[in-house]
Each structure stands twice: as C-alpha cells, then as structure tokens.
There are 2 protein chains.
Amino acid sequence: MPTSTRFAVAVHILTALAVGDGKPMRSEDLAYSANTSPVVIRGLLSRLSDAGLTRSQLGAGGGTMLARAAKKIKLLDVYEAVEDTELFSLHRTPPCESCAVGGNILEAMQPTLMRARKGLENELAKVTIGDIASEVARLGRFTMPLTW
Amino acid sequence: MPTSTRFAVAVHILTALAVGDGKPMRSEDLAYSANTSPVVIRGLLSRLSDAGLTRSQLGAGGGTMLARAAKKIKLLDVYEAVEDTELFSLHRTPPCESCAVGGNILEAMQPTLMRARKGLENELAKVTIGDIASEVARLGRFTMPLTW
DNA sequence: AAGTGTGTCGATGCTACTATTACATATAAT
DNA sequence: ATTATATGTAATAGTAGCATCGACACACTT
C-alpha cells in the first residue's frame, strides 16, 4: 500500500528547527538535511503551518520557525497534521450487504480498530519534538541551540 | 499510511469461516461475501495458511477451514500474517549523514515509533476472531454455527 | 528597485495494491 | 480410471498515492 514518508520528514523538519538557535531556516536548507526537494518541504510546511506548528517569513533572511516551544509540540500533533489516510483501509468495494458476515463485519470490527488507533496515538502523544531534539543532540554529541 | 485492505478482508474471511458450521468454504463463496475476486481471496488464504491459521482441501467439496479454534486466533496474528509494509515509512532517500539532525534523527525516533507500533499491536492482541464472529452474530441476529 | 524566499500548480516517473485471466496440480466423486 | 472440482501461482493490466522536478506568482527585506 502506498505509504507516506511525510510523518518522518515532518518530524525531521521540526527537530531541525528545534535544534537551531531560532533563526528561520529556508526550505532549501531543510531539504538538504532531509535529502529531498524544497518543494516537498514546502508542501509539508504548508500543512504544519495550517496546524499552527510553524510560521514562515517571506523575503530575504526569511524562512520557517517553530510557532511554539518544541516541548509543546507532540508527535501526535505532527502525525495528525501531515497524515491524511486512514490507518486501516477497509474493503475497497463494500462487502455483500445481504450476507450474514458481509453485512455486519465492518461494524463488528470498528471498535477494535478504533482502540488500536488510539493505542498508537496515545504513544505518539507522550513524546514531543523537544524530546526528539534532545535525543538527537545527545546522539550527535552537541548542545542546543546549535548555530549552523 | 500504511495499510492495505488485506487486513480487513482477511478478518472477513476468517470470521466467515468461524461463523459457519465447520464445512470448508470455497474461495468463490468467500469472494462473493467480501465482494472481491476469488484470486484475491486465494492470495490471502495462501498467507493465512502459511501462518497456520487456515488449512485448505483440494477437490470437489473442498475449500478452506480454520486450522484452530476461532477464539485462539488473535487479530494480531491476522495482521502479521497479511501485512508486510512497515507501519511508519522513513525517509525515501536516507537523510544527510553529515548533518547534525539528519545523521541522528532516525535513531532518535526509533524508540517512539516502536512503542507506537506496540501500542497498536497490544490492542489487536486483545481481540480474537471468535470475538468478532460473536459480534457479527449479535448484530445480524443469528446464532452460530450458521449453515449456509 | 532588486533580491530573496514562500506557496502552489502541473507534469512525470515510481511503487504498491487490486482485479482479472489463465493454467498447472491435487483431490473427490462416480 | 475418468471426470469434475478447487486450490495455488504466474502474468498482465489498470488504479491510486507519493515523491521529484520545473516554473511562477506573490510577499517581504534590504
């Protein structure tokens, strides 16, 4: 199934912003670090901005900054901002309505699928971009803020 | 994100087998109920059989049966049997190794992604095909086994 | 006024998934 | 034995979502 790398790259972007010294970063710089194209970055930034996680500044010396403290941005916020497909896809063509199983299977599965999704989301809600940034700093043996 | 319809259809298949009276069901019958093609069903059955969840019988009067009691088949077993893509896809092209963030972001995210995956899997491990079959029977107002 | 960076559109290529046809193989029924 | 039946797998084609790339209008800074 078509799976998106958006979540991983979005966390990457936000972590880079969190690790920096607060100066705006250009989409080109972020693209270099994430090894993708500036257009992809800008597409993600557009979603992150809509979600209130980042804000951008036009013009020379401009770029993107975090809209709030990294510790206040949960990975769940990022997940919801950039992922749009359902975690569990159901039948492409709806099952046979008149069948004993086909007519009820979706409703029967639904509570379990919901709980599974919540189980995942609860874990993503426990970790913030600040946590990831700290961990990156520890692994990379540098201190924040990092001036590029 | 990452899910095909395989999981939903596989649960459908197993539930249909669980609801029945134990007689083997043909891929054509299952395809009718799930509103898909017999080949898709057989492809799923091939995986389910490899995972030890079903067994098939060739020839006239043949078909597929559960290999063990429905109550002993966890949805997690089904999930693992038919899904092969990772829940979280990482960067399509690996991030910049020499960057402070790019070089460490994957390792920094990994524990969280693992916990999120476990959160989902734990929920799927709590429910069995037997539970789903009972719920389908309740919703459809019939009793098991159901003779077709 | 000139330079810079964002935001978005359209086109292209790629990959995963589903549907469908076809056929070889194995089993049951007669 | 012969025939009918059902699985299992391969090949093909069509579909959808995603990432890449080029281009450009718009906004802001200097």
Side-chain angles (χ1 to χ4, degrees), chain A residues 1-10 12-13 17 23-32 34-51 53-65 67 81-95, chain B residues 1-10 12-13 17 23-32 34-51 53-65 67 81-95:
Chain A
M1 102 136 319
T3 100
S4 153
T5 66
R6 286 199 292 266
F7 177 62
V9 177
H12 185 141
I13 290 174
L17 297 176
K23 271 202 322 191
M25 288 189 71
R26 302 178 306 157
S27 61
E28 191 180 342
D29 303 327
L30 294 166
Y32 177 78
N35 197 11
T36 180
S37 91
V39 177
V40 171
I41 299 293
R42 293 205 284 267
L44 288 171
L45 286 176
S46 178
R47 292 166 182 256
L48 295 174
S49 168
D50 287 346
L53 305 183
T54 62
R55 56 197 171 81
S56 296
Q57 181 124 12
L58 284 175
T64 300
M65 294 157 287
V82 301
E83 288 295 341
D84 29 40
T85 70
E86 285 295 323
L87 190 51
F88 294 101
S89 335
L90 302 179
H91 302 53
R92 169 174 288 190
T93 54
Chain B
M1 248 271 269
T3 340
S4 61
T5 67
R6 287 198 293 266
F7 177 61
V9 177
H12 186 141
I13 290 173
L17 296 176
K23 270 202 322 192
M25 289 189 71
R26 301 178 306 155
S27 61
E28 191 179 344
D29 303 327
L30 294 167
Y32 177 78
N35 196 13
T36 181
S37 89
V39 177
V40 170
I41 299 293
R42 292 204 287 267
L44 288 170
L45 287 176
S46 178
R47 291 166 183 258
L48 295 173
S49 168
D50 287 346
L53 305 182
T54 63
R55 57 197 170 82
S56 297
Q57 180 120 14
L58 283 175
T64 300
M65 295 158 285
V82 301
E83 288 294 339
D84 30 39
T85 70
E86 285 294 323
L87 189 52
F88 295 101
S89 340
L90 301 179
H91 302 54
R92 170 172 289 189
T93 55

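Just so we're on the same page: letters track the sequence lines, and every chain starts at 1.
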Whole angstroms only, please: what is the [atom1]-[atom2] distance between [X] and [N]?
X: A:Leu44; N: D:dC18; atom1: CG; atom2: C1'; value: 11 Å
X: B:Glu86; N: C:dT15; atom1: CD; atom2: P; value: 18 Å
X: A:Asn35; N: D:dT20; atom1: CG; atom2: C1'; value: 12 Å
X: B:Ile41; N: D:dA6; atom1: CD1; atom2: C1'; value: 14 Å
X: B:Met65; N: D:dA6; atom1: CE; atom2: C1'; value: 12 Å
X: B:Asp29; N: D:dT5; atom1: CG; atom2: P; value: 14 Å
X: A:Phe7; N: D:dA19; atom1: CZ; atom2: C1'; value: 19 Å
X: B:Arg6; N: C:dA19; atom1: CZ; atom2: P; value: 12 Å

For A:Arg26, all residues meeting side chain to side chain contact (heavy atoms under 4.5 Å, CB included), sequence neighbours excluded: A:Glu28, A:Asp29
Residues which pass side chain to side chain contact (heavy atoms under 4.5 Å, CB included) with B:Pro24, listed by chain and number, not counting sequence neighbours: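 Residues passing side chain to side chain contact (heavy atoms under 4.5 Å, CB included) with B:Pro24: B:Met65.
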Side-chain donor or acceptor of A:Arg6 paired with backbone N/O of A:Glu83 under 3.5 Å: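 Side chain of A:Arg6 to backbone of A:Glu83, a donor-acceptor pair under 3.5 Å: no, none is there.
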Side chain B:Ser49, main chain B:Arg55, donor-acceptor under 3.5 Å: no
Closest-nucleotide 5' rank along DNA chain D - winner of B:Gly43 and A:Arg42: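 The answer here is B:Gly43.
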Donor-acceptor pair between A:Arg92 and B:Thr5 side chains, under 3.5 angstrom: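 The answer is no; no qualifying pair exists.
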Audit row: B:Arg47, B:Leu53, side-chain contact (heavy atoms from CB on, under 4.5 Å) steps and yes/no: CA-CA 9 Å; B:Arg47 291 166 183 258; B:Leu53 305 182; over 6 Å; no
Nucleic acid footprint by protein, nucleotides 9-14 of chain C - heavy-atom cut-off 4.0 Å, B for base, S for sugar-phosphate alone: B-----
Per-nucleotide protein contact string for nucleotides 24-30 of chain C (B base, S sugar-phosphate only, - none; heavy atom under 4.0 Å): --SBS--
Check: C:dG5 base within 3.5 Å donor-acceptor of A:Arg26 side chain: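 Per atom types, no contact qualifies.
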Pairing residues for A:Thr36 by the side chain to side chain donor-acceptor pair (under 3.5 Å) criterion, not counting sequence neighbours: none
Residue pairs, two or more places apart or on separate chains, that pass side chain to side chain donor-acceptor pair (under 3.5 Å) and touch residues 56-65 of chain A: A:Ser56-A:Thr64
Determine: side-chain N/O of [X] to OP1/OP2 of [N], distance under 4.0 Å, yes or no.
X: A:Ser4; N: D:dG17; value: no
X: B:Arg55; N: D:dT7; value: no
X: B:Ser46; N: D:dT7; value: no
X: A:Ser56; N: C:dG5; value: no

Worked verdict on A:Leu45 versus A:Leu30 for side-chain contact (heavy atoms from CB on, under 4.5 Å): CA-CA 10 Å; A:Leu45 286 176; A:Leu30 294 166; 4.3 Å; yes
side-chain contact (heavy atoms from CB on, under 4.5 Å) between B:Ile13 and B:Met25, intermediate numbers included: CA-CA 10 Å; B:Ile13 290 173; B:Met25 289 189 71; over 6 Å; no
Sugar-phosphate only, base, or nothing, as touched by B:Gly63 at under 4.0 Å among non-hydrogen atoms: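 The answer is sugar-phosphate, as B:Gly63 gets under 4.0 Å only of primed atoms, P, OP1 or OP2.
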Sugar-phosphate only, base, or nothing, as touched by B:Ser37 at under 4.0 Å among non-hydrogen atoms: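 Base contact.
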5' priority, DNA chain C, between B:Asp84 and B:Pro38 [closest heavy atom]: B:Asp84
